[in-house]
Protein chains: 2
Amino acid sequence: MSSTSADQTGKQQEDTALSDLLRRGELFNQNCPSREILKHLTSRWGVLVLIALLERDHRFSELRRTVGGVSEKMLAQTLQTLEADGFVSRFSHPVVPPHVDYSLTPIGREVAEKVRDFADWIELNTSRILSAKPKGRVAAAR
Amino acid sequence: MSSTSADQTGKQQEDTALSDLLRRGELFNQNCPSREILKHLTSRWGVLVLIALLERDHRFSELRRTVGGVSEKMLAQTLQTLEADGFVSRFSHPVVPPHVDYSLTPIGREVAEKVRDFADWIELNTSRILSAKPKGRVAAAR
DNA sequence: CTGTATCCTCTTAGATACTG
DNA sequence: CAGTATCTAAGAGGATACAG
């Protein structure tokens, strides 16, 4: 519901190490709005959409093809969330059949570069990670 | 831990053109194991656990207190997944009452630094993001 | 083409109770 | 203290149909 205001003034049960909270407490506090931003940005399809849009602008069906495995519903939902957060711009060309282009806003490009940097690390290190897995232990196979 | 000293030569992702898709198509393929790694690392609690462990080693109950809002079950599950991936080490002191310490492996520290970098960006920019939200449009409010 | 609406299934996550 | 087991609710996600 993305409420504005309506602060919970007396609701402060963060009683962890105070220095930690001062230094970087926002994300460790479950009431902080940054938690929601984090959730959107690290969502299953959000990450891939941001990276795809960093390469170039895409229209809806292009994104569907580029991002393997995403359904129409989840792609639309992901794009709406990212647009609502101000990371993605949506341009609907007034033609028929419809033609909609998605692109990154300046702040969206900023964060997408962070995401891509992170994704690049994963791709470069996946084989290293897989071969370094503890073998005696049965992975929860998530 | 001795890295396998594999192929990675450092940084080579300066280009973002079409050749990128060939080089970094892994994540866009739903059958790629890197998708699973990504999922674990970007999981709701995985991100926060990695950042907490980057500050210092924690025992179980310390993590519970530091990471606001996490349940015992989810913390245990998250830690097991991260341990199975080789990002986290678990050391159980043979004492009573039990005392278990969690720490990052070398590769875990590497990725945790990426995660922290990303989280830092979010914390620094949350207010900017919130104030820049498109207001005319009703966010889907998830 | 670009979605929305509905239905359905599977996973995630919290609460609670219990064990070593 | 450090978990596990069980139950349940909420949300993610997919398939299909349909609308603008």
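Order of the sequence lines fixes the chain letters, A, B, ..., with proteins taken first and strands second; residue numbering starts at 1 for each chain.
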Trainee: Answer yes or no: does a side-chain N or O of B:Arg59 lie under 4.0 Å from OP1 or OP2 of D:dA2?
Mentor: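 Checking D:dA2 against B:Arg59, a side-chain N or O does come within under 4.0 Å of OP1 or OP2.
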Trainee: Of all the choices, D:dG3, D:dC1, C:dC1, which nucleotide is nearest to the side chain of A:Ser61 once you look at every atom?
Mentor: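 In terms of side-chain proximity for A:Ser61, the closest of D:dG3, D:dC1, C:dC1 is C:dC1.
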Trainee: Not counting sequence neighbours, which residues clear salt bridge (charged side-chain N to carboxylate O under 4.0 Å, His left out) with B:Glu113? List them please.
Mentor: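 If we apply the salt bridge (charged side-chain N to carboxylate O under 4.0 Å, His left out) test to B:Glu113, skipping adjacent residues, there are no hits.
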Trainee: Please check the phosphate of D:dC1 (OP1 and OP2 only) for any side-chain N or O of B:Arg64 closer than 4.0 Å.
Mentor: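 Checking B:Arg64 against D:dC1: no side-chain N or O falls below 4.0 Å of OP1 or OP2.
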Trainee: So, OP1 or OP2 of C:dC1: does either fall under 4.0 Å of a side-chain N or O from A:Tyr102?
Mentor: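 So the side chain of A:Tyr102 is outside the cut-off, no N or O lying under 4.0 Å from OP1 or OP2 of C:dC1.
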Trainee: Does the pair B:Glu123/A:Arg35 count as a salt bridge with the N-to-O cut at 4.0 Å?
Mentor: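 Salt bridge absent between B:Glu123 and A:Arg35.
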Trainee: Given atom CD of A:Glu62 and atom P of C:dC1, what is their separation to the nearest angstrom?
Mentor: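 Rounded to the whole Å, the gap is 11 Å.
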Trainee: Keeping B:Ser43 on the side-chain end and B:His40 on the backbone end, is there a donor-acceptor pair under 3.5 Å?
Mentor: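 Judged by distance alone, yes, a pair lies under 3.5 Å.
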Trainee: From B:Leu38 CG over to B:Glu26 CD, what is the distance, rounded to the nearest 0.5 angstrom?
Mentor: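 Between atom CG of B:Leu38 and atom CD of B:Glu26 there are 13.0 Å.
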Trainee: Distance check needed: D:dG3 P versus B:Leu79 CG, whole Å only.
Mentor: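 After rounding, the reported distance stands at 8 Å.
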Trainee: Are any of A:Gln80's side-chain N or O atoms less than 4.0 Å away from OP1 or OP2 of C:dG3?
Mentor: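 Checking A:Gln80 against C:dG3: no side-chain N or O falls below 4.0 Å of OP1 or OP2.
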Trainee: Rounded to whole Å, please give me the gap between CZ in B:Arg90 and C1' in D:dC1.
Mentor: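 Rounding to the nearest Å, CZ of B:Arg90 and C1' of D:dC1 are 12 Å apart.
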Trainee: Quick one, give me the B/S/- string for nucleotides 14-20 of chain D, reading 5' to 3', where B means a protein heavy atom under 4.0 Å from the base and S means that only happens at the primed atoms, P, OP1 or OP2.
Mentor: BB----B
Trainee: Nearest-Å distance, CG (A:Leu75) to C1' (C:dT4)?
Mentor: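 In whole Å, C:dT4 C1' and A:Leu75 CG are 14 Å from each other.
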Trainee: ring-ring contact (aromatic ring centres under 6.0 Å, His included) with B:His93: which residues, sequence neighbours excluded?
Mentor: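 Result, ring-ring contact (aromatic ring centres under 6.0 Å, His included) vs B:His93: B:Phe91, B:His99.
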Trainee: Quickly work out the B:Phe91 CZ to D:dA2 P distance and round it to whole Å.
Mentor: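 These atoms are roughly 13 Å apart.
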Trainee: Could you grab the distance from atom CH2 of B:Trp121 to atom CG of A:Asp117, nearest 0.5 Å is fine?
Mentor: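 If we round to the nearest 0.5 Å, B:Trp121:CH2 and A:Asp117:CG are 14.0 Å apart.
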Trainee: Rounded off to whole Å, could you give me the CZ-to-P distance for the A:Phe60 and C:dT4 pair?
Mentor: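 Between P of C:dT4 and CZ of A:Phe60: 8 Å.
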Trainee: Rounded to whole angstrom units, what separation is found between the CZ atom of A:Arg65 and the P atom of C:dC1?
Mentor: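 My rounded result for the distance is 8 Å.
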Trainee: So that I can tick it off, tell me whether B:Glu62 and B:Arg56 are bridged by a salt bridge, with the cut-off set at under 4.0 angstrom between side-chain N and carboxylate O.
Mentor: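 Yes, B:Arg56 and B:Glu62 are salt-bridged.
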Trainee: Given atom CZ of B:Arg35 and atom C1' of C:dT11, what is their separation to the nearest angstrom?
Mentor: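 Interatomic distance, CZ of B:Arg35 to C1' of C:dT11: 17 Å.
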